[in-house]
Amino acid sequence: MAAASPSSFSFFSSSVFLSNSNPSSTKLHFLKPQSHSRLRVSTTIHSELTTLPVLSFKGNQVGSASLNLKSAPPDTARAVVHRGLTTDLTNSRRGTASTLTRAEVRGGGQKPYPQKKTGRARRGSQRTPLRPGGGVIFGPKPKDWSVKINKKEKRLAISTALASAFESTVVVEDFGDKFEKPKTKEFIAMMNRLGLDPKKKSMFLMTEVSDNVRLSSRNIGTLKLLTPRTLNLFDILDSEKLILTKGAVEFLNERYGLDSEEDKEEDEFEEVEYADEG
């Protein structure tokens, strides 16, 4: 399997869906081959319960944490994650590209030379698209590229991607107060103690990011430091290692778990609307 280039990213080649860091010898976790045409397919959303060791700031195991996230059925997981990814990338387009047509470009109101008796091709304006400085034929205009996606579907795509990356996930204790001053060298040393390669892409998910941690990690080009507000599907799929703090694990279980509070509230709201319509 060829590695995805930055210009043509595909989540099928992302290492978080692979059992190890070598994408050429592994396969996706949530894909199950169908060897029989009459195989019964489960279409219900299930929960993926995973127990991960918790590492200290020095790299020693100090406990364990449970990650219980919703996951789409194997036959629809790829489509759900793909739709969530393409929707995010499409909605990130600003759509502000704009060019001028020959009617909008400045100048060109006077006929450059007479119609006849010059031996040259007839021309009515110097701002024709055939001339330098003229208008643009069928050029881009401001456009709204936004695509709608349901909230539950987007949350399911993120939780499915996180659940499929449990083998590449590391849980650490909160280390926001461990950095007394900004020091990139100390942050790289912490990554080495946790078994992380600073040259490979990694994503840190923390509930709160202190200034010293942010300043210590911003010079590492392969590292993404995210909070629950900035968590997105692209960075999850583009990372080879996911590092979660204990607070981030609690947030993920509460937000993307099978019995999340937001899903309960939305279900109650839909039941009330249905009752009112009836």
Side-chain angles (χ1 to χ4, degrees), residues 11 14-21 26-32 42 44-57 59-74 76-78 80-81 84-85 88 151-176 190-191 193-196 200-209 213 223-264:
F11 76 92
S14 177
S15 60
V16 299
F17 290 102
L18 306 174
S19 58
N20 57 42
S21 59
T26 52
K27 59 183 180 179
L28 303 179
H29 290 311
F30 55 73
L31 299 181
K32 296 182 179 179
S42 175
T44 59
I45 298 175
H46 60 281
S47 176
E48 293 286 346
L49 178 61
T50 306
T51 302
L52 301 171
V54 179
L55 303 180
S56 64
F57 181 73
N60 303 322
Q61 183 174 349
V62 294
S64 61
S66 297
L67 196 61
N68 190 11
L69 303 178
K70 290 183 295 185
S71 182
T76 59
R78 177 178 293 187
V80 169
V81 176
L85 177 63
D88 287 346
K151 291 182 180 179
K152 289 185 178 180
E153 187 178 4
K154 185 175 182 179
R155 287 201 298 267
L156 181 60
I158 293 178
S159 62
T160 302
L162 290 170
S164 64
F166 68 92
E167 290 190 2
S168 303
T169 303
V170 179
V171 181
V172 298
E173 291 184 325
D174 294 329
F175 54 88
M190 181 198 69
M191 294 181 65
R193 291 194 298 268
L194 297 177
L196 305 175
K200 294 184 178 180
K201 294 182 178 180
S202 57
M203 187 200 77
F204 281 74
L205 180 61
M206 307 173 61
T207 54
E208 295 182 2
V209 180
V213 172
L223 185 141
K224 288 284 187 178
L225 199 61
L226 304 181
T227 61
R229 185 174 182 180
T230 59
L231 180 64
N232 63 89
L233 194 57
F234 182 89
D235 288 331
I236 295 174
L237 301 177
D238 194 34
S239 302
E240 299 185 22
K241 286 288 185 179
L242 303 181
I243 300 89
L244 311 175
T245 61
K246 295 184 67 175
V249 172
E250 296 177 358
F251 163 77
L252 293 177
N253 289 331
E254 181 180 354
R255 177 71 182 271
Y256 300 103
L258 191 61
D259 298 327
S260 61
E261 295 295 333
E262 293 189 4
D263 287 347
K264 291 181 179 179

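Heavy atoms from other residues, nucleotides or ligands lying under 6.0 Å from CD of E208 number 12 at most.
Residues M191 and L223 come closest through the heavy atom pair SD-CD1, 3.8 Å. Residues A65 and V171 approach most closely at CB-CG1, 4.3 Å, considering heavy atoms. When all heavy atoms are compared, the tightest approach of V80 to A72 is CG2-CB, 4.4 Å. When all heavy atoms of A248 and T207 are compared, the closest pair comes out as N-CG2, 3.6 Å. Scanning all heavy atoms of the two residues, the minimum distance from L194 to S56 falls at CD2-O, 3.7 Å. For the pair A77 and T160, the tightest heavy-atom approach, listed with the atom from each and the gap, is CB-CG2, 4.0 Å.
Note: S168 OG to I243 CD1 = 10.0 Å, rounded to the nearest 0.5 Å. Between atom CD1 of residue I158 and atom CG of residue D88 there is a gap of 7.0 Å, rounded to the nearest 0.5 Å. To the nearest 0.5 Å, atom CG of residue L233 and atom CG of residue L85 are 5.5 Å apart. Atom CD of E173 and atom CZ of F57 lie 11.0 Å apart (nearest 0.5 Å). Separation of atoms CD (E250) and CZ (R255) is listed at 16.0 Å; rounding is to 0.5 Å. Interatomic distance, CE of M203 versus CG of D235, reported as 7.0 Å (0.5 Å rounding).
Contact annotation: the side chain of L231 never approaches that of P228 to less than 4.5 Å [non-hydrogen atoms, C-beta and beyond]. No side-chain heavy atom of F204 sits under 4.5 Å from any side-chain heavy atom of T245. The shortest side-chain heavy-atom distance between L52 and V249 does not fall under the 4.5 Å cut-off. At a threshold of 4.5 Å between non-hydrogen side-chain atoms, the residues L244 and V170 do not count as touching.
For N68 (side chain) and G257 (main-chain N/O), no donor-acceptor pair under 3.5 Å exists by modelled atom type. Under the 3.5 Å distance criterion, the side-chain polar atoms of S239 are left unmatched by any main-chain donor or acceptor of L242. Side-chain atoms of N232 come within 3.5 Å of backbone atoms of F234 as a donor-acceptor pair (strictly under, hydrogens ignored).
Cation-pi geometry between R155 and Y256 is not met: the NZ or CZ atom fails to fall both under 6.0 Å from the ring centre and inside 45° of the normal.
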